[in-house]
Amino acid sequence: MKSHAKAVVIGGGVVGCSVLYHLAKSGWTDIMLIERSELTSGSSWHAAGGFHTLNGDPNVAKLQAYTVQLYKEIEEISGQSCSLHLTGGVMMADTPERMDFLRLAHAKGRYLGMDTELITPSEAKAMFPLMDETNFVGAMWDPVEGHLDPSGTTHAYAKAARKLGAEIVLRNRVVELTQEVDGTWNVVTEQGTVKAEHVVNCGGLWAREIGRMVGVELPVLAMEHMYLLTEPMPEVEEFNKSTGREMIGVLDFKGEIYTRQERNGILLGTYEKACKPWSPVSTPWDFGHELLQPDIDRIAPSLEIGFKHFPGIEKAGIKQIINGPFTFALDGNPLVGPVQGLTNFWCACAVMAGFSQGGGVGLALSNWMVHGDPGFDVWGMDVARFGEWATLRYTNAKVRENYSRRFSIRFPNEELPAARPAQTTPLYDTMIANNAVMGDSWGLETPLWFAPRGSEPKDVVSFHRSNDFGPIGEEVHATREKVGVTEIANFAKYEVSGPGAEDFLNRLMTNRMPKTGRIVLTPMLNEFGRLIGDFTIAKASPRGGEDRFMIWGSSAAQKYHMRWFEKHLPKDGSIRIHRFDQTLVGLSIAGPKSRDLLQKLVDVDISTKAFRFMDFREMAVGGAPCMVNRITYTGDLGYEIWMAPAYQRLVYKAIKEAGEEFGLVDFGMRALLSMRLEKNFPTWFRELRPIYGPFEGSMDRFIKLEKNDFIGREAAAKEQAEGPKLRRVSFIVDAADADVMGDEPIWAKVGGKDYGTVEKPHGYGAPRFDAGGKEVRGSNAAEGASAVRGIVDGNWRVVGWVTSGGYAHYVEKSMAQGYVPAALAENESAGLFEIEILGQRRPAHINVEPPFDPSGEKMRT
Ligand SMILES: Cc1cc2nc3c(=O)[nH]c(=O)nc-3n(C[C@H](O)[C@H](O)[C@H](O)COP(=O)(O)OP(=O)(O)OC[C@H]3O[C@@H](n4cnc5c(N)ncnc54)[C@H](O)[C@@H]3O)c2cc1C
């Protein structure tokens, strides 16, 4: 074993081997993988080996599609077969709601280049004759599904990596990790110490333990998982013989089961409700190629439904039940990337579908390590997406919830209950008493809307407009016409101070920094000129002769942004960044009467001239020391008031009392988001993400190319000079009783003109076939299925995608934001666009100026 390496990958499961292969492919050959036992000694060896491309997050779906495409490549390089069976598969819907869910998934696939199709239950039965199709209302066909040999695949990655120069050391446990002052890692193993520049945690079932070696508690937990294998079945053999095909994979939401052909029989796995964590506190180091005791009672309810839906399987004898553990993060997606607070410590763990995701994870991580950027939008699997609140017990509760809901529909207005409430502000009980429906905002309880007195404060979950529609409308109208107050503790807040703080921020941000007492809005870019942040920055009065800036941003991106800030801090410690998290909380008041209200609570003049739009002041509000921004996300006259938690109740009480004469109402996050829509304001992570450039994101007025050399400036200047290919736009949609939720395709009537912005199908799909073995294309009689398939329909083309939207209650219009080719971005013609909502294409038109207060006069008054 060598004593130095540029990177050490810990763990030889499918993920570690994929990371090793991708690093080697990127040109890093001075790398080694250290495995405790033999390759595949964690969960990889007993996996069912299924793969698919669909994922709730379209960006993760793309990386899954990459993984599937990769198998041919690693087979060729390594000479090792992965035993790939690209059979295709169907998802079966047993209710109209589940069919809505499939329509949404199908619609997303249109701009991801995924060749899914909505089909009838009988069409599905033709490909999997063991089902009783009368249990279902429809299905979605995905050609890029199948199964492979887990062990062969892991070895194919490993062999391919070795061929490119990587070293693999087996039977050698990493027992300790320490770091030198210069950043070098000491990877202490049973066979000696390796000095490494980078360490990657691919520890799978032991990822938690490896995290603990560097003082990090990763939010990952292993769950027991069972699948059964039947004896050979004559029906299967007969189908194979008569069609010359293998049976397809089937996912049944109702039964929480997946099933497919395995040799001459069937494999059937469950995600049962009564799920069970495995080794919830720590994973034993001596766990090896072992299986857990099967527990048929636990999966019996799923099997009962499964046998009803697939009576052909019930008749078969069960040959074996496999029960093995594998890991999950809170939301079921992987934990990938550099860990905030550490240098060159990387994660690629909690990969629950290693054979769908392992390749994409390896590619993204190797890009990140070698080129400084993952190269894709990997927020959905970024290790930075969870905060300190994701403790061991929190993780346990959330992972169990996620596992048991794996095949459940998550409605757009659905808040999940496990591990809540976690963090609360001092106003939590007051908000509950006010009949607030609370939501989880990065581990913090936040009022979403206020249910009428006497009614139960609860969302009726739906893809359509629901019971919050009326009350939110009232909150919006009262705020726009008089004044409203809302909690804004769920924003990220930072203070940057020290000599040179201004230069530091000028180097990071695209806008000029404000003068003392003023505020600016500014995006932040990476070196490639992509949007990685969007902030409100105020300059406070200097303290001790040092500059001080207050920064507000997206709550969910706190660790993501801290990681970036820390990476760019000068090494001499001259600049300090303080992340307040919940040690600073806030309230926002907005609406035409908000100034009169605030004036009653402060002892300074806050008239239009004395406290201008985009001013910042430290002042006492209702007797409490506060910071006040004259700005609000409602886009109206309004203020954000920030205080230590100990003062929040005092300030709220003062606002409520003073507001009575003005008709003050409480409003929640959903009303706030509705009001921002009618101002065409973007949101971070929906409209603004690292896949877009600043001009694509229509952030032009915040990009000051001439101010100084900021990070990403060169790339942004290029984007501007060449002209952005896409533009973020706002639409008014002729919706029925459902508004957009995000990720819907945008169609345009552009004739044969190709704007070239939509992903083309990746062309790696298996054909769908009927019982006679004939390839089927085009019959599409599924209940309510869209009349079009693919991305072209006569003169109509999918030209873009929706990022978010909803109902704009004050202007009384359904609105959407999204990206379209730049050449179409200012075309407000009616009849040019349609947006596909739940399988129905609804007319939409671009709306360049915001429908509420287009001149911005109200917010400046
Ligand atoms: C019953 C079952 C069915 C499944 N079915 C599927 C499926 O159909 N499709 C799919 O995609 N996925 C499936 N999975 C999940 C899949 O197995 C995992 O996603 C995958 O194995 C994760 O791989 P990994 O490399 O992250 O972790 P692991 O396979 O757990 O590998 C981690 C490796 O790290 C090594 N290691 C840990 N700590 C150290 C240390 N300190 N020093 C050195 N080495 C160390 C371990 O020995 C191990 O070999 C299934 C899992 C189970 C249990």
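Residue indices begin at 1 and follow the sequence shown. Note that the structure is a prediction, hence the values are computed from the model and not measured. Indexing begins at 1, ligand by ligand and atom by atom, following the structure's order.
Defined by atom type and a distance below 3.5 Å, a donor-acceptor pair is missing between the side-chain atoms of D142 and T116. The closest side-chain donor-acceptor pair between T178 and N186 falls under 3.5 angstrom. Of the N and O atoms on the side chains of T40 and S44, not one donor lies less than 3.5 Å from an acceptor on the other residue. A donor-acceptor contact under 3.5 angstrom links the side chains of Q64 and Q357, judged on distance only. Defined by atom type and a distance below 3.5 Å, a donor-acceptor pair is present between the side-chain atoms of E246 and H85.
Looking at atom 24 (P) of ligand 1, its nearest protein heavy atom turns out to be V15 CG2, 3.7 Å. Nearest protein heavy-atom contact of atom 35 (C) of ligand 1 is E35 OE1, 3.1 Å.
Residue S41 has at least one nitrogen or oxygen atom sitting less than 3.5 Å from a nitrogen or oxygen atom of ligand 1, judged on distance alone. For ligand 1, one of its N or O atoms has an N or O atom of V174 under 3.5 Å away. In terms of N/O distances under 3.5 Å, ligand 1 is not approached by W206. In terms of polar-atom proximity, G50 is counted as a contact of ligand 1, with an N or O under 3.5 Å from an N or O of the ligand. Geometrically, ligand 1 and S43 share a nitrogen or oxygen pair separated by less than 3.5 Å. At a 3.5 angstrom cut-off on N or O pairs, G354 counts as close to ligand 1. For the pair R36 and ligand 1, the shortest N or O to N or O distance falls below 3.5 Å. Note: an N/O pair closer than 3.5 Å links F355 and ligand 1 by distance alone. An N or O contact shorter than 3.5 Å is missing between P325 and ligand 1 by distance.
For S356, the closest heavy-atom approach to ligand 1 falls below 4.0 Å. For F51, the heavy-atom gap to ligand 1 stays at 4.0 angstrom or more. Using a non-hydrogen distance threshold of 4.0 Å, W45 does not register as a contact of ligand 1.
The ligand atoms of ligand 1 that sit less than 4.0 angstrom from a heavy atom of H225 are 1 (C), 2 (C), 3 (C). Residue A48 approaches ligand 1 through these ligand atoms, each under 4.0 Å from one of its heavy atoms: 3 (C), 4 (C), 5 (N), 6 (C), 7 (C), 8 (O). Near G203, meaning under 4.0 Å from any of its heavy atoms, are these atoms of ligand 1: 32 (C), 34 (O), 37 (C). Under a 4.0 Å criterion applied to the non-hydrogen atoms of I34, ligand 1 contributes the atoms 43 (C), 44 (N). In summary, the atoms of ligand 1 found under 4.0 Å from a heavy atom of G324, numbered by their order in the structure, are 53 (C). Near I10, the atoms of ligand 1 lying under 4.0 angstrom from a non-hydrogen atom of the residue are 39 (C), 40 (C), 42 (N), 43 (C). Near V351, the atoms of ligand 1 lying under 4.0 angstrom from a non-hydrogen atom of the residue are 18 (C), 19 (O), 22 (C).
Two rings, from H198 and W28, have their centers less than 6.0 Å apart.
By the criterion of a heavy-atom distance under 4.0 Å, neither the backbone nor the side chain of Q357 is placed next to ligand 1. The residue N323 has no part lying near ligand 1, judged by heavy-atom distances below 4.0 Å. For C202, every heavy-atom contact with ligand 1 shorter than 4.0 Å involves the backbone, none the side chain.
Of the candidates S43, P334, S356, P334 is the only one forming a side-chain contact (heavy atoms from CB on, under 4.5 Å) with V351.
For residues 304-317, every residue pair satisfying the side-chain hydrogen bond (donor to acceptor under 3.5 Å, both in side chains) rule, not counting sequence neighbours, is listed here: N135-K308, D252-H309.
Among all heavy-atom pairs drawn from F51 and F355, the shortest one is CB-O, 3.5 Å.
K2 meets the side-chain hydrogen bond (donor to acceptor under 3.5 Å, both in side chains) test with D30; sequence neighbours excluded.
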